[in-house]
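Let me begin by presenting the structure, written as structure tokens, before commenting on it.
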Amino acid sequence: MTTDRVAGIGLALFALIILEESWRLRLPLGTMAMPGPAYLPALLAGALVVSGVLIAVQGARAPRLGAVGWSEWRHAVAILAVCAFIALALERLGYRLTMSLACAFLLVGVERKSLVATLIFAVSIAVGTHYLFDTLLRVQLPRGAFGF
Amino acid sequence: MSQHSKWGAQRRPPKPPMLLGAPRGTRGAPRFTGALLTLLALVVPLAPTAQEAYPSRPITLVAPFPPGGVADLTARPVAAAMEKVLKNPVGVVNKTGAAGAVGMQYVATSKPDGYTLLLALSSISIIPEADKIFDRPPAFTVDQFAPIALISADPTILVVPADKPWKTAKDFIEDARKRPGQISYSSSGIYGTLHMAMELLSHAAGIKLRHIPMPGAGPALTAILGGHVDALASGPAVVLPHLKSGKLRALAGWGDKRVAALPDVPTFKELGYPDAEFYIWAGVFAPKGTPEPILAKLRDTLRVVVAEPEFKSAMDKLETPIAFKQGEEFQRFFDADARRLAAGVRKVGRVEDKK
Amino acid sequence: MLETLGNLGAGFSVALSPPILFYAFVGCVIGTLVGVLPGVGPLAGISLLLPATFGLDATRAIVMLAGIYYGAMYGGSTTSILMRIPGEAASVMTCIDGYAMARKGRAGAALAIAAVGSYVAGTVSIVGLMALAPPLATFALRFGPPEYTALYVLGLLVLAYMSSGSMVKSLAMAALGLLLGMVGIDQMTGYFRYAYGVVELGDGLGVVPVAVGLFGVAEILASAGQAAPPEVIKPRMRELLPTRREWRESGWPIARGTVLGFLIGILPGSAHIIASFVSYAVEKRWSRHPEQFGHGAVAGVAGPESANNSATSGAMVPMLALGVPSGPIPAVMLAAIMVHGVAPGPLLIQQQPQLFWGFIASMYVGNVMLLILNLPLVGLFVNILRVPYPYLYPAILIFATLGVYAVNNSVVDVWIMLVTGLLGWLLRKLDFETAPVVLGVVLAPLLELSLRQSLAMSDGHYGIFVQRPIAGTLLAAGAALVLLNLYSVVRRGRDWRAKLALAEKGEAQ
């Protein structure tokens with residue numbers, strides 16, 4: 001199970017899903033003289049399948065999947081979870097609250113810094129950037145249910 | 001959450017119990033959650049209630065098109081004048097995407113409390129129809145809106161490059177009949193305003209033209225200036241400088257009356273094609289369900305706005321005549337226009353199916 | 001010639017008057033801030049300040065907005081170099097070699113070269129704008145759908161040059177990027193492709209969330225959990241400026257980038273982002289050490305950054321000479337003029353010489369201001385790298401999210417950033433390059449639309465591409481490039497085989 005094999009198969013699968021979706025959404029293919037909405041995606045998906053298979057087939061020389069080093073996956077998952085939280089909460093809780101919570105969680109829960117330093121840092125980043133961009137530059141950041 | 005001993009690669013000295021890094025069962029986490037919930041329970045009921053004088057908060061006027069376009073340029077003077085009249089901040093927010101569908105859907109689904117309004121162009125009637133013929137659930141429907149007032153209504157005009165042989169609209173239509181599908185025109189996008197204008201003409205005059213969609217009104221204009229297409233239906237304001245400099249020639253207009261700035265250009269109505277009537281109009285809408293007193297106040301406000309001298313001069317600079325309609329009048333105009341456009345979209349059908 | 005100088009002199013007297021200076025300065029500062037903020041590009045900055053310009057007169061308005069425009073191009077390189085997050089879509093290429101230089105301790109040098117390159121490109125391209133605006137604009141108008149198709153096909157060839165790894169992997173990444181770029185409303189027929197009811201996807205995934213996700217978020221994902229924080233050599237004060245060798249290495253790339261960026265910039269359309277990509281590929285091709293690209297080649301920073309800035313001046317050419325917006329940003333600037341009653345159009349230069357020449361002169365002044373602003377700030381910015389990484393990356397994440405959200409006020413963009421961040425992280429782990437994906441997302445809608453427009457214009461005949469002179473020339477150039485490459489590959493192969501044959505003969509004897 002080398003990296004290239006996994007990648008190649010993954011890409012080929014993705015391309016096949018695209019082809020299947022074009023079929024299911026009934027996007028017309030058109031002709032070469034008048035390409036339809038599915039024409040170029042089909043061509044590209046075809047190219048992706050071919051290159052994915054080629055990568056997988058030539059993949060014996062690549063490093064093994066485990067050898068690449070995935071030690072940071074827990075951090076990565078936590079960061080992605082925080083991003084998802086931001087996406088969900090940004091318009092419901094408002095910018096400053098969401099960002100303070102997100103930053104605090106990352107620093108306290110993930111990086112395990114002290115609570116006091118975290119709160120100071122998180123709140124000042126959230127409020128500071130809000131002031132700079134919303135008030136000064138009028139970027140219109142969301143205010144949530146609590147008004148901030 | 002996982003136990004804290006898994007975080008980080010090294011063993012760390014024991015730390016005081018923390019929010020989420022603490023082992024399960026400490027008193028920290030439940031206490032904090034309890035505090036948070038109490039806080040929420042206290043704060044939420046304090047959220048503003050609906051029984052306050054209108055307006056008491058900033059109003060948002062949503063312009064569903066990018067800055068610099070017709071909707072945006074009309075929205076800003078309107079907002080500025082409304083702010084003066086209402087003595088309450090009124091801000092313009094651009095929510096762009098999907099030819100206006102994103103912004104329109106946003107207002108259609110927002111709270112009908114009078115604080116979110118929409119400045120829509122005629123495409124508001126087109127988009128739901130287009131969704132229907134593609135068998136998609138519509139992004140929004142026209143009856144999700146309560147129309148307040150019409151601000152401007154520019155008829156489109158037909159322009160061709162000056163070096164083309166057609167001197168009148170008659171020449172153009174006759175040539176199109178002789179060579180169906182050979183004369184090309186650009187538009188701001190499929191099922192867009194400039195496309196529908198041409199389609200209405202094609203059906204009224206019984207001609208077939210070749211449509212080259214462009215990603216917006218700007219590229220559509222560039223295409224005809226470069227001679228890559230033969231014709232364009234455009235709002236008068238953007239092409240006036242080119243008409244004056246002689247690069248383009250105007251053949252006819254889609255309006256009920258002739259365009260004030262172009263008194264020599266006949267209308268299609270005069271030429272015997274009354275069905276070719278199309279306006280790029282801009283009007284203010286509120287989500288349906290907005291209480292009637294608020295709607296009435298907005299109507300009155302807009303009536304004062306269009307009489308404001310500053311507003312008038314702003315619109316003059318944009319070369320866009322004000323065409324104010326309100327209440328019943330606007331509703332009739334809007335319904336007739338929507339019917340016309342819906343029929344037009346249905347006639348166009350799915351472009352792919354014709355090939 | 002004398003008349004031009006006279007006009008320019010009059011323009012300078014306008015530009016150097018205190019109110020105009022003030023507004024140009026305000027524009028430059030805001031532009032730099034907007035550029036530094038990841039994702040938010042000059043378009044957002046200009047649109048936000050458009051209403052503020054209604055109270056000013058036309059010259060002040062356009063001077064301020066232009067300041068934001070090219071200021072953002074200066075600022076965009078800062079986050080690209082320091083944090084590998086593109087400040088705006090056009091700075092993606094700077095992320096690659098700029099960040100590599102920062103890791104080697106040459107962050108200050110990279111920032112300085114970017115600033116100086118931007119200055120040179122900005123100033124020289126204004127000369128082009130000033131002297132050649134009308135004829136260039138007329139030439140630019142001759143670019144119709146077939147010409148754009150040829151240009152974007154050439155852009156695709158650029159993709160081939162961007163990778164240092166295996167050809168198949170680059171092909172796969174290019175295909176992936178192009179596929180991702182096809183999400184959205186099909187402009188020719190009105191079908192929603194792969195949008196699944198999310199209206200915000202109607203205009204596609206958007207290059208900003210994708211670029212910030214693939215580069216910035218992926219970088220954080222890969223680095224945050226490492227036992228040792230990312231190895232960044234902290235430079236000393238003396239090492240902040242580029243060495244003589246680095247200056248020499250950046251000279252020609254700056255020159256080439258300027259010319260290239262300007263030429264691409266004058267073309268109406270969204271081709272401006274491509275300028276930096278093409279410049280990168282050209283530098284790599286021309287370089288005597290192409291293997292350095294991706295690991296801190298000075299030319300990989302100097303070229304794209306210069307191309308960026310001269311593309312902005314190029315974009316003003318059709319706007320001023322013809323009154324035709326060559327993209328969304330000039331469209332907003334045109335609107336700003338229109339609102340003040342100045343009619344844009346082919347007669348603008350003659351009818352409003354004060355506006356035109358004052359504007360040109362203020363661009364010269366603005367570029368100087370930005371150079372003065374940016375160079376000392378290099379020391380300040382580099383100190384950001386000293387912040388311990390566990391504190392730095394949450395702040396970067398918040399900035400990135402803020403920037404991505406602010407572009408369209410849309411949470412959907414944040415989700416896209418998240419997903420592409422995950423994708424970018426996986427691709428890095430599996431040893432794939434992500435730059436071709438971004439270029440693919442940019443090129444796909446443009447290429448597909450112009451191809452189908454051209455076929456609609458010619459009623460399905462592919463001959464249109466060779467019948468029109470400009471398109472034919474571009475395609476011929478592309479074909480020549482491909483053939484040249486194939487030839488050198490074959491030749492190297494033959495040499496290699498010949499050497500092997502000689503060695504075997506030698507062994508046999």
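Just so it is clear, the structure is predicted and the values come from calculations on it, not from any experiment. Here is how names work: the chains are called A, B, and so on, in the same order as the sequence lines, proteins then strands, and each is numbered from 1. Note that these values count all heavy atoms, side chains included, but never hydrogens, waters or copies made by symmetry.
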message = Are there residues of residues 116-128 of chain A whose heavy atoms fall under 4.5 Å of chain C's heavy atoms? If so, which?
response = A/Ala117, A/Phe121, A/Ile125

task = Under 4.5 Å heavy-atom distance to chain A, tell me which part of C/Leu426 shows up: side chain, backbone, both or neither.
result = side chain

Taking every non-hydrogen atom, the tightest pair across A/Leu106 and C/Pro394 = CD1-CB, 3.9 Å

remark   = Interface check, chain A: of C/Ser458, C/Gly181, C/Ala222, most non-hydrogen pairs under 4.5 Å belong to C/Ala222

note = dist A/Glu20:CD -> A/Leu25:CG (nearest 0.5 Å) comes out at 8.5 Å

key: Approximate separation, where rounding is to 0.5 Å, of C/Ser170 OG and C/Met173 CE   = 9.0 Å

inquiry  = Parallel, tilted or perpendicular, judged at 30° and 60°: which one describes the rings of C/Phe465 and C/Tyr462?
reply    = tilted

Hey, can you pull the donor-acceptor pairs under 3.5 Å for the side chains in residues 28-44 of chain A, sequence neighbours left out?
residue : atom : partner : partner atom : Å
A/Thr31 : OG1  : A/Ala33 : N            : 3.3
A/Thr31 : OG1  : A/Met34 : N            : 3.0

task = Start with the C-alpha distance between C/Tyr152 and C/Ser450, add both sets of side-chain angles, then the distance that settles side chain to side chain contact (heavy atoms under 4.5 Å, CB included), and finish with yes or no.
result = CA-CA 9 Å; C/Tyr152 299 140; C/Ser450 51; 3.6 Å; yes

key: Residue among A/Ile18, A/Leu16, A/Leu11 satisfying side chain to side chain contact (heavy atoms under 4.5 Å, CB included) with A/Phe14   = A/Ile18

Under 4.5 Å from a heavy atom of chain A, the part of C/Phe399 involved = side chain

message = For a quick test of reading the model, state the closest non-hydrogen atom pair linking C/Ala400 to C/Ile85 and the distance between them.
response = CB-CD1, 4.3 Å

Donor-acceptor pairs under 3.5 Å, side chain of residues 77-89 of chain A to any protein atom, not counting sequence neighbours: which ones?
none

inquiry  = Does anything in residues 439-448 of chain C form a salt bridge (Lys or Arg N to Asp or Glu O under 4.0 Å)? List the pairs, not counting sequence neighbours.
reply    = C/Arg193-C/Glu448, C/Glu448-C/Arg452

Smallest separation among heavy atoms of C/Tyr191 and A/Arg26, with atom names = CE2-O, 4.3 Å

task = Under 4.5 Å, counting heavy-atom pairs only, tell me which of C/Val217, C/Leu397, C/Leu171, C/Leu427 racks up the most with chain A.
result = C/Leu397

message = I need the residue from A/Leu27, A/Leu54, A/Val50, A/Val6 with the largest number of non-hydrogen atom pairs under 4.5 Å to chain C.
response = A/Leu27

query = In terms of heavy-atom proximity below 4.5 Å to chain A, should C/Leu430 be classed as side chain, backbone, both, or neither?
reply = both

query = Non-hydrogen atoms of chain A under 4.5 Å away: do they reach the side chain of C/Leu447, the backbone, both or neither?
reply = neither

note = The interface call for A/Arg24 against chain C, heavy-atom contacts under 4.5 Å, is side chain

key: Atom group of A/Ala102 that falls short of 4.5 Å from chain C, counting heavy atoms   = neither

message = Tell me the closest heavy-atom pair linking A/Leu93 and A/Thr98, and the distance in Å.
response = CB-OG1, 3.7 Å

Largest heavy-atom contact set with chain A, pairs under 4.5 Å, which of C/Asp431, C/Leu422, C/Leu221 = C/Leu221

note = Turns out that what part of A/Leu107 lies under 4.5 Å from chain C's heavy atoms comes down to side chain

key: Leading residue by heavy atom contact count with chain C [cutoff under 4.5 Å; candidates A/Thr2, A/Ile55, A/Thr3, A/Leu90]   = A/Ile55

